[in-house]
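For reference, the structure discussed in these notes is given below.
In what follows, every heavy atom counts, from backbone to side chain, and hydrogens, waters and symmetry copies are set aside. These numbers were taken from a predicted model, which means no experiment stands behind them.
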Amino acid sequence: MKTLVLVEHDNASVKDATLATVAAAAKLGEVHLLVAGSGCGAVAEAVAKIEGVEKVHVADDPAYEHQLAENVAPLAAELMKDHDAFLAPATTTGKNIAPRVAALLDVMQISDILSVEGEKTFTRPIYAGNAIATVESSDLKLVITVRGTAFDKASAEGGSGTVEAVSGSGDAGISSFVGQELAKSERPELTSAKVIVSGGRALKDAATFEEYIMPLADKLGAGVGASRAAVDAGYVPNDYQVGQTGKIVAPEVYFAIGISGAIQHLAGMKDSKTIIAINKDEDAPIFQVADIGLVADLFKAVPELTEKL
Amino acid sequence: MKILVPVKRVIDYNVKPRVKADGSGVDLANVKMSMNPFDEIAVEEAIRIKEAGKAEEIVAVSIGPAKAQETLRTALAMGADRAILVQTDDEVEPLAVAKILKAIYDAEQPGLVILGKQAIDDDSNQTGQMLAALTGRPQGTFANTVELDGESVTVKREIDGGLETVKLTLPAIVTTDLRLNEPRYASLPNIMKAKQKPLDTKSPADYDVDTAPRLKTTNVSEPPVRQAGVKVADVDELVAKIKALGIA
Ligand SMILES: Cc1cc2nc3c(=O)[nH]c(=O)nc-3n(C[C@H](O)[C@H](O)[C@H](O)COP(=O)(O)OP(=O)(O)OC[C@H]3O[C@@H](n4cnc5c(N)ncnc54)[C@H](O)[C@@H]3O)c2cc1C
Ligand SMILES: Nc1ncnc2c1ncn2[C@@H]1O[C@H](COP(=O)(O)O)[C@@H](O)[C@H]1O
């Protein structure tokens with residue numbers, strides 16, 4: 001089988017999620033990559049070195065600079081004439097583009113796969129991860145998004161793929177990029193952080209969240225996450241949200257502080273290796289999944305913990 | 001301008017789903033069902049656009065069993081003007097849903113289609129993007145704010161790194177994220193009024209769409225259960241455990 005993996009990048013560097021997607025693709029067959037961007041030559045060179053990559057198709061065109069789905073999907077669909085499976089990371093970029101490719105190919109996409117069970121058989125979470133479905137595709141081609149935390153990342157080195165320029169139909173002329181506000185942070189990115197400290201509604205407001213959560217995260221070199229309630233209330237930006245509809249994380253250690261443990265939150269973090277919960281309510285559902293629980297007022301416990309670590 | 005809002009009847013988000021012992025699926029017998037939460041946000045957004053004088057009519061659509069009528073009545077009670085039920089007892093996959101919606105789109109010619117970003121049962125996150133592909137229209141997925149101005153719509157999107165703004169030529173497809181708005185509750189008088197609003201019943205065959213599934217679900221199982229761990233008595237004990245993990 002020949003696979004085509006959508007490389008996620010910002011025209012300068014490759015996003016980590018790509019590596020897990022390559023690992024999933026390698027289980028299906030030969031790995032080809034698609035780099036769609038503008039001035040993205042260095043990215044193409046870099047990804048050619050990912051372990052197992054045989055070919056990199058690079059479409060360098062201003063129309064692809066911001067990876068607008070309207071422009072990238074037709075390009076991917078065209079390349080799919082020579083490939084059997086299209087795989088994208090289950091990130092906001094992959095989730096935006098892949099279904100558009102699937103519909104152009106008249107294929108039913110398999111979202112967020114957790115494992116490859118056979119040529120056309122995969123497992124995927126449904127109902128916020130409360131059930132795992134095994135699904136078998138009857139389509140001639142496959143379109144898949146890959147949950148990054150479920151696959152070991154392919155090594156960024158060791159491959160020697162060939163780089164080939166391709167051109168697509170360019171700008172579809174129906175959408176344009178206006179701007180972006182990217183959260184700048186010195187902290188590790190959530191989806192690849194080894195340790196995550198997350199705060200919930202109990203943190204009261206943005207200043208309190210900052211005051212109690214950040215020093216602990218700094219001490220541990222941790223990424224910072226949040227529940228939906230904390231994001232909705234404006235304590236932290238939207239990209240901190242962990243959960244069914246936010247980010248899926250699986251760090252070595254996950255701290256849930258002042259988070260009740262609603263199923264939608266658990267869906268995003270219950271594959272963490274060790275879960276530590278601090279909550280003043282001993283019956284909070286978070287304790288049903290926590291490996292280590294402390295029933296305490298976080299406003300007392302967290303500063304003390306930060307101090308003693 | 002007309003706005004089309006597809007709404008799906010799903011398990012209520014407060015219910016913990018139970019996997020059937022025979023691995024055939026999730027047990028939905030006697031389980032509370034509601035409108036998919038993202039679709040409530042979609043209906044609310046459509047109503048706000050109409051209230052701002054930028055749309056004349058809101059058409060809600062649901063593809064599902066006869067009971068999906070209730071979901072449509074909820075949309076009507078919130079403020080949609082009329083509804084279309086595409087009735088079927090089969091499970092319809094996002095690709096086929098998108099094809100039915102494409103047929104309705106062609107017939108209704110809306111300026112905007114607002115969907116949820118994801119149905120909380122199948123967690124597919126596909127239908128809006130697929131509809132956009134099939135109609136050849138632009139897509140503003142995971143919308144945090146939606147602003148209409150005559151010929152185009154500007155959508156601020158929630159992305160992994162923060163927010164991104166795109167401008168789309170109308171007609172366009174938008175999918176909602178959680179923070180787009182807070183949906184209203186339908187008032188009792190509006191619930192009563194909704195009963196009089198028109199609701200058409202159709203079938204997938206009326207739109208010439210084959211809903212045979214492309215994916216066969218061979219098994220549905222429980223995820224590995226996490227065992228609850230230990231409770232520590234105080235911060236000192238917690239510190240010791242954390243040190244044992246080797247992260248501090
Ligand atoms: C469609 C949909 C999608 C959703 N997606 C997500 C998602 O992706 N991620 C997500 O997180 N949620 C999601 N939710 C929301 C989810 O259902 C919960 O509402 C949310 O997770 C609750 O956040 P919380 O635990 O911070 O708040 P709460 O449930 O209010 O819990 C606060 C906790 O803090 C504790 N507490 C209070 N004060 C203190 C103190 N001083 N010290 C210690 N503990 C204290 C309380 O005991 C309580 O357990 C979604 C909901 C819907 C409907
Ligand atoms: N059966 C359906 N009837 C109406 N709308 C649907 C249906 N299935 C999906 N949708 C719409 O598509 C969105 C995304 O669903 P999904 O792609 O299944 O995650 C939902 O939030 C709805 O707006």
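- With a 4.5 Å cut-off on non-hydrogen atoms, Val26(B) touches chain A through its side chain but not through its backbone.
- Interface residue Arg137(B): backbone and side-chain heavy atoms are both found under 4.5 Å from chain A.
- Proximity to chain B at a heavy-atom threshold of 4.5 Å picks out Arg228(A), Val231(A), Asp232(A) from residues 228-237 of chain A, in numerical order.
- For Gln118(B), the part sitting under 4.5 Å from any heavy atom of chain A is the side chain, from C-beta outward, and nothing else.
- Across every non-hydrogen atom of Asp123(B) and Gln244(A), the tightest pair is OD1-NE2, 2.9 Å.
- Side-chain contact check for Val166(B) versus Leu68(A): some heavy-atom pair is nearer than 4.5 Å.
- Of residues 241-248 of chain B, those residues with a non-hydrogen atom less than 4.5 Å from any non-hydrogen atom of chain A are, in numerical order, Lys241(B), Ile242(B), Lys243(B), Leu245(B), Ile247(B), Ala248(B).
- Taking every heavy atom of both residues into account, Arg157(B) and Thr92(A) meet most closely at NH2-O, 4.2 Å.
- Ion pairing between Lys231(B) and Glu282(A) fails under the 4.0 Å rule for side-chain N and carboxylate O.
- At a 4.5 Å heavy-atom cutoff, Ala296(A) makes no contact with chain B through either its backbone or its side chain.
- The two atoms that bring Ala69(A) and Gln139(B) nearest to each other are CB-NE2, 3.3 Å, heavy atoms only.
- In this structure, Val107(A) and Arg214(B) approach most closely via the heavy-atom pair CA-NH1, 4.1 Å.
- For residues 263-279 of chain A, the set of pairs meeting the side chain to side chain donor-acceptor pair (under 3.5 Å) definition, not counting sequence neighbours, comprises Tyr254(A)-His265(A).
- The pair Asp106(A)-Lys99(B) counts as a salt bridge, with a side-chain nitrogen and a carboxylate oxygen less than 4.0 angstrom apart.
- Neither the backbone nor the side chain of Pro224(B) comes within contact range of chain A; no heavy atom of the residue lies under 4.5 Å from a heavy atom of that chain.
- Contacts classified as ring-ring contact (aromatic ring centres under 6.0 Å, His included) and involving residues 114-166 of chain B (residues at least two apart or in different chains) are not found.
- Heavy-atom distances place both the backbone and the side chain of Val232(B) under 4.5 Å from chain A.
- Going from atom NE2 of His66(A) over to atom OG1 of Thr165(B) covers 11.5 Å, rounded to the nearest 0.5 Å.
- For a residue to count as touching a neighbouring chain, one of its non-hydrogen atoms must lie under 4.5 Å from one of that chain's; by this rule Val97(B) does not touch chain A.
- In this structure, the portion of Ala290(A) lying under 4.5 Å from any heavy atom of chain B is its backbone and not its side chain.
- Across every non-hydrogen atom of Asn125(B) and Pro99(A), the tightest pair is O-CG, 3.7 Å.
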I'd like to know whether Arg226(B) forms a salt bridge (charged side-chain N to carboxylate O under 4.0 Å, His left out) with Asp291(A), so could you lay out the CA-CA distance, the side-chain angles of the two residues, the decisive distance to 0.1 Å, and finally the verdict. CA-CA 9 Å; Arg226(B) 275 192 93 97; Asp291(A) 301 280; 2.7 Å; yes
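- Of the two parts of Ile11(B), only the side chain, counted from C-beta on, holds a non-hydrogen atom closer than 4.5 Å to a non-hydrogen atom of chain A.
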